[in-house]
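Below you'll find the structure, written out as structure tokens, and then a few comments.
Predicted model only: the values in this text are computed from it and were never measured. The figures that follow rest on heavy atoms only: side chains count, while hydrogens, waters and symmetry mates do not.
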Amino acid sequence: MPRNVHTVAAVSFLNARPLIDGLEREPTISVITDVPSRLLETLTTSRARIALCPVIDFQTADADLCVVPVGAIGSDGATHTVRVFSRVPIRDISRVRTDGDSHTSVALLEIVLEALNGRRPEITRLVTPTPKRARPPETILLIGDKVVRNEPTVDLYPYQLDLGSAWKRLSGLPFVFATWLARTGDDLEDLPATLRRYRERNLLRIPEIVSTHADGWPEDLATRYLGEILRYEIGPRELESIELFWERCHALGLVDDLRPMRLYRNSQF
């Protein structure tokens, strides 16, 4: 592999395809994918030059990072794929089994339930695969494609909460689940411009992306999900929302010393 190849790390869910689809054909780019919770290590161990990380990772990383605002995964309201499923009313939730694939979604869950109920839930990790005879958890948080491919039934979980909708009601702002992060001081050369170009191009070819990558999704839902429900741009309102989310995390003790927002030095909106 040529020495000038840049490795880009991104989430393996359908929601990342508008940001990365086609990048693997660039001669100077190598793409690796994984679940969100493992991407930070990929970045901080220098296996990737840039990674599409959960936004909370900026605050919890051992390394100094910067935000590269050329793309993000977010929503301005409902997400459809970051949802709480419960057998008890939302106001009565006291414990939640959480999907370990995303650090940001678990933190958002704690922020939302503390705001709604005045208390934080007891959080335990969801065991997968679930033993066949295990009783379904009283309340679970699920994220990503599994919410569509294996959506729990309303009969089992009559109470549901979309965390994107809950944040919008709480803050009046969109929510950003993941954005491009890089190590501070690293020269990314033309990589940010390339990522911006692919984002803009791919948002014009959603039907093609759906036909290629949306296995297990109803086609109309996948098209609406990528083309309408999710937001991929990152601008001043999104950055404001990220900072507010970090402040809420700090207030609940989910992050220690609060780091100020740091943008990549060549960032332009």
Donor-acceptor pair, side chain of [X] and main chain of [Y], under 3.5 angstrom:
X: Arg47; Y: Thr7; answer: no
X: Asp145; Y: Leu14; answer: yes
X: Arg87; Y: Pro136; answer: yes
X: Ser12; Y: Thr33; answer: no
X: Glu238; Y: Gly235; answer: yes
X: Arg119; Y: Leu116; answer: no

[X] [atom1]: over 12 foreign heavy atoms closer than 6.0 Å:
X: Arg95; atom1: CZ; answer: no
X: Glu200; atom1: CD; answer: yes
X: Glu151; atom1: CD; answer: yes
X: Arg91; atom1: CZ; answer: no

Rounded to the nearest 0.5 Å, how far apart are [atom1] of [X] and [atom2] of [Y]?
X: Phe175; Y: Ser105; atom1: CZ; atom2: OG; value: 7.0 Å
X: Arg183; Y: Thr45; atom1: CZ; atom2: OG1; value: 8.0 Å
X: His80; Y: Leu221; atom1: NE2; atom2: CG; value: 4.5 Å
X: Tyr198; Y: Leu203; atom1: OH; atom2: CG; value: 14.0 Å

Cationic N near anionic O, under 4.0 Å, Glu110 to Arg120 = yes
key: Ion pair Asp187/Arg265, N-O distance below 4.0 Å   = yes
Pairwise side-chain contact, [X] with [Y], heavy-atom cut-off 4.5 Å (strictly under):
X: Asp64; Y: Arg262; answer: yes
X: Val154; Y: Gln160; answer: yes
X: Asn15; Y: Thr79; answer: no
X: Tyr225; Y: Leu230; answer: yes
X: Ile143; Y: Thr81; answer: no
X: Leu43; Y: Asp57; answer: no
X: Ile234; Y: Trp180; answer: no
X: Tyr264; Y: Asp186; answer: no

Common cluster, Val35/Ile50, ILVMFWY with side-chain heavy-atom separation under 4.5 Å = no
query = Do Ile73 and Ile32 share a hydrophobic cluster (ILVMFWY, side-chain heavy atoms under 4.5 Å, transitive)?
reply = no
key: Stepwise side chain to side chain donor-acceptor pair (under 3.5 Å) test for Thr124 and Arg97   = CA-CA 5 Å; Thr124 57; Arg97 292 282 182 89; 3.1 Å; yes
message = Evaluate Thr139 against Ser86 for side chain to side chain donor-acceptor pair (under 3.5 Å), listing each step before the verdict.
response = CA-CA 4 Å; Thr139 304; Ser86 183; 2.8 Å; yes
Shortest non-hydrogen separation from Cys66 to Phe58 and the atoms involved = CA-CE1, 3.9 Å
task = Evaluate the criterion side-chain contact (heavy atoms from CB on, under 4.5 Å) for residue pair Leu141 and Leu163; output intermediate values, then yes/no.
result = CA-CA 10 Å; Leu141 167 68; Leu163 292 186; 3.8 Å; yes
query = Arg224 and Ile229: side-chain contact (heavy atoms from CB on, under 4.5 Å), yes or no, with the steps?
reply = CA-CA 6 Å; Arg224 188 165 60 88; Ile229 294 175; 3.6 Å; yes
